[in-house]
Each structure stands twice: as structure tokens, then as C-alpha cells.
Amino acid sequence: MLHPLRGAIQTGDATVRLVPTTPFTDQKPGTSGLRKKVGVFQQPHYAENFIQSVFDVVAAPAGATLVIGGDGRYHNRTVIQTAIRMAAANGFGRVLVGRGGILSTPAASNLIRARGAFGGLILSASHNPGGPHGDFGIKYNVSNGGPAPEKITDAIFARTKAITEYRLAESPDLDLDGRGSLEVEGMTVEIVDPVEDYAAAMEQLFDFGAIRALIASGFRLRFDAMHAVTGPYAHEILENRLGAPKGTVVHGTPSEDFGGHHPDPNLVHARALYEEMMAPDAPDFGAASDGDGDRNLIIGKGLFVTPSDSLAALAANAHLAPGYAAGLKGIARSMPTSQAADCVAEALGIGCYETPTGWKFFGNLLDAGMATICGEESAGTGSDHVREKDGLWAVLLWLNILAVRKIPVAELMRDHWARYGRNYYARHDYEGVASEGAEALMAGLRGKLEGLPGSHVEGLVVAAADDFAYTDPTDQSISRNQGVRILFEGGSRIVFRLSGTGTEGATLRVYLERYEPADGALDLVTGEALAPLVAAAEAIAGISGHTGRNEPDVIT
Ligand code: G16
């Protein structure tokens, strides 16, 4: 237990300063940690208040180990130095920090688990743009390696509103690019190779020999690291260990502003990759990952695989990789993710869980051994090997499956649809709209839910409508208001929800899904297949009236 300190005092070796502060009112963590513009984080005491609130709430035992790393974006190094000083002042005994301040989100999760750390601070705003005018973020992960659950993030928010002081060790900046261990006021700081433990974990899960043989046989792949954190991981694993030719990984050096691009692996921001994969001489397999390395984009030669379909195909074929040869315990997906994975779970006779958006909701299911593979429509897929989604893991599982099945991605997907049916899927995003309009749209929807079942809209019949609430089967905790679902006869759906990761105004997400059974129309153009649902969404929610927009900004 630490003693209350006043002013600058000596505690053994440590000079710890208690810095008076006043609360900020806007430090409520969203879907994935606290995300704000860099300028907000640069305000005096802003990052410190949040980090101290985390430490106050999680109450680590003296001498505990903390992992610290980030995606290399602007402001990363500054906050890492601060976090190290604060960890020393708050009684941690050891900090593991990625060299250069770099740790991908899944690598940080892996490190927490592999080294038995008490928790970790991950500095990232994920797929949001970086640079001095971009976004920054701080997320706390608990000892299972996963994002702090809601009861902890709620307590952190409460603490940020009451904080009056934070603890800071008086010490100079550390050389984050060095090697080995350093001491900060009695606390050990170990600079770790960001890639090594993670790459070793991947070698345990996948048949690297089979993937090497696939690549040696002339199979061509392209990986776009989007100037973000996965560059060093992809160079090491795909090129050095699996033998892909140099140049397979593009944009592979992390930069503070992601090369001026938006590190979101979707069809808008990874457009060049998409175009390369649609060309006549396309590689066999294309993939990309996001700012912090937890998202993935998968494109076969001539075919984009939606994240929801990717989850379903990976789940159906995972047993082909050594790490999953014993089969899956269950599959979990976030509510807006298409129901394609449900069909696989049913065929495999295993559980399927529908959670709210946010990887944190998968943690309990994974810990309880109820699910092995999880996925989200927002380009996240992962398994029980860590407690985060994992972009490169998804790429390697795909490669392992292709190495065994020896068929192109497009053929694998056609085969999948012919067996399970096809869930045509798209997400329409209306970004940076006025919060009042977005809130009014959601309130309007909630107000009409009761009257919707049985009604006819654009040729579709509403079977059910609700505001999704989730009861965690492991601890019975309830999360309400997680998005409005309109379910149609025949298995199609529209889901409306507001994003919890944006930093400007509100982002309305409209998730559209049309189910075609295995003997139905499996080869439609997605936009055409979903046109009736687009019209129904407008008719039910009045999107253009509430947002002032006639078109979405991004379709994924
Ligand atoms: C985060 C969460 C994901 C979530 C995604 C989108 O991803 O970890 O679970 O699906 O945001 O959330 P929203 O729809 O609320 O914007 P990331 O990659 O940004 O950490």
C-alpha cells in the first residue's frame, strides 16, 4: 500500500511528486479506450489525469508488472515517457515497453499474458488518422490481456471526474530505442523487442512449413501495412520467416502520421490494394492491417471477402491449422456482424454468441472456454490466443488454410456459400454528422420499435425489432442500448447504431444484411443485392432528414 504523499518527497530511492490537478469532464472511455484529438491530449495534465485514474481504479499490488506500448503515432513517445514516470510513482515494480515505443495491440495483449503482467497501457487511436492534427488514444488492458471491461471503464470515468492530484517520478526521459533494462526511481524498465514474442506465438499456432511451401510454389501475396504498426511484424513474419519476396510488404515503416493516410483497412482507405487485387495480373492474396495492427482486410484475386464472411470461412476451416486442430469450442460475433458465422456454428454443433460491439465483450467468453474464435464486421477477427483482435493472425490463418486446401480465395468462398448460404453485407457510415440529428434519429427509431413487427417496407416484412441488450452468460452483467435491430422475414436485417470511436460529432452506422440460402442467388453484385434494404433503412429511419446527407461517406 502506498502512503499519501505531499509535494516532492523522497520515498527510499524514489523522488515522487504529487501534482495537484482538476478534473476534465470529457474522459469517458468509448468503444475502445479514450480517443481524442492530439491537441486535447496535449493539454497540461490531460493524459496524466486519465492514467492516474486508471491506476487508482485498478489498484495494482506494489511491485506489479505493467506493459506499455503504442502504434507509433504522433505523441506516442511523449505519453510513454509520462506513463513510465507515473508507473514508477504508483508503485509498479517493472514496466515492459516495446522498443521505440512500438507494440501492436495484439502483441501487447500477448506480452501481458506471456509475461504475467498485471495489465497494460496501449497508446493508440487504432484506425483513426494520426499526426499533430490527428487522433490519439489510451486504453487499459487487464491481466487476461484484454480491454478493461465496462465496470472498470465506468469506474475510471467516475475517477476522472473526482481526481485532485497525480503521482509522477522525477526522472529524465529514457532512451526508448535502446536495449536491455533501465532503472527509473527503483522500478525496472525492460525495453523489449516488439516482434519477438508475438512471432514465436504465431509459429506455435500455424504450420509455417506449409505456408512456406505455398509461397515457394509461386503463390503471390501483398500485405499493406498502411505506414502503421504491423510493418515490422509483417516484414519479419511474412518475408523473413515465411520466405515471401522482399517488397511483399508495402508501406512497412511505421510513421507518426501514417504517411498522411488514414490507416483504416477498408475499401476506401486501402483502395490501391483493392485495385491491385482486381487487376488481371493480381497476386493470389491481398491483406492490410490498421494503425495498431488489430484489424485486417482480406482480398482474394478478384474478390473482396467481407469481414463477416472472413470470420465464417476462418471458423469453418480453422481445424486445418495446428493450433485449432482439436476444433472450436464456440464462435462469438458482435451483434452487427453478419449471421454467416451462426450458420457455421450450427453446422459444427457448437455455441454461437452475439455480443455488443467492442472486443471487450469477448473476454469473458474466451476466459470461460465458451468461444475459440471471435469476429466483428469492423474488420476484427481473433481467437483465444490473445484477448484482442489480431490482424496478422487472421492473415496467417487464411494462408494456412489456403496452403492446405490449395484453392484460390474466390473458390473457397463460393464453396462456402454453396454450403451455408450467403449473407450479402455492407456497412454505410455517415461520419461527423451533428450529434443532435444522430441522437434524434436513434430516439425516433426507439420510439417506433413496438409498431414495426408485421409492417411492410420496400417489399420486406418486418419480423421483429428491438434495441439490443446483452446479458453476459458468465457474470450476468447487462449492457443495454447497444443498437437498434430490424429483423425481416427470411433472415435479412438492418442495424442502426452510433459509433463509439469517433472524435468529431457523431458517426451513424447502418449495417445491411441480406440472407440468400444455399440454393438461392449466390452471385449477385452486393450493392444490387442490398438495394431494397438501403431503401428500407431510409424509409424507416429518415436518414437524410436527420443527417442532411443523401449518401454515406464510407461503404465497407
Ligand atoms: C474498436 C473496437 C471494436 C469495434 C470498433 C468499431 O476497434 O475494439 O470492437 O468494433 O472499434 O466500433 P464503433 O462502431 O463503436 O466505432 P478499434 O480497431 O478501433 O480498436
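As the structure is a prediction and not an experimental result, all values here were calculated from the model. Atoms within each ligand, like the ligands themselves, are counted from 1 in listed order.
- A cation-pi arrangement is present between Lys161 and Phe157, with the terminal nitrogen or guanidinium carbon under 6.0 Å from the aromatic centre and inside a 45° cone about the axis.
- Checked against the 6.0 Å centroid threshold, Tyr198 and Tyr233 count as a close aromatic pair.
- If you look at Thr31 next to ligand 1, the close heavy atoms, those under 4.0 Å, all belong to the side chain.
- Exactly one residue among Leu103, Ile138, Thr78 makes a side chain to side chain contact (heavy atoms under 4.5 Å, CB included) with Leu123. That residue is Ile138.
- Between Tyr46 and Phe41, the angle of the ring planes goes over 60°, which puts this pair in the perpendicular group of the 30/60° scheme.
- Residue-ligand proximity: Arg497 is placed with a non-hydrogen atom under 4.0 Å from ligand 1.
- When only modelled atom types and interatomic distance are considered, Asp290 and Ser126 share a side-chain donor-acceptor pair under 3.5 Å.
- Those atoms of ligand 1 with a heavy atom of Thr357 less than 4.0 angstrom away are 4 (C), 10 (O), 12 (O).
- Applying the 4.0 Å criterion to heavy atoms of Ser126 picks out, from ligand 1, the atoms 17 (P), 18 (O), 19 (O), 20 (O).
- In this structure, a donor-acceptor pair under 3.5 Å is absent between the side chains of Asn110 and Glu388.
- Of all the atoms in ligand 1, the ones that sit under 4.0 Å from a non-hydrogen atom of Gly500 are 13 (P), 15 (O), 16 (O).
- Residues Ser104 and Asp294 have side chains that never bring a donor and an acceptor to within less than 3.5 angstrom of each other.
- Counting the atoms of ligand 1 from 1 in the order shown, those under 4.0 Å from a heavy atom of Glu376 are 3 (C), 4 (C), 9 (O), 10 (O).
- Applying the 4.0 Å criterion to heavy atoms of Lys389 picks out, from ligand 1, the atoms 1 (C), 2 (C), 3 (C), 7 (O), 8 (O), 17 (P), 18 (O), 20 (O).
- The N/O atoms of Glu377, backbone and side chain alike, include none that comes under 3.5 Å of an N/O atom in ligand 1.
- Within ligand 1, counting atoms from 1 as listed, the ones closer than 4.0 Å to a heavy atom of Arg35 are 17 (P), 19 (O), 20 (O).
- Annotation for ligand 1: atoms under 4.0 Å from non-hydrogen atoms of Gly358 are 9 (O).
- Residue Ser378 has at least one heavy-atom neighbour below 4.0 Å for each of these atoms of ligand 1: 4 (C), 5 (C), 10 (O).
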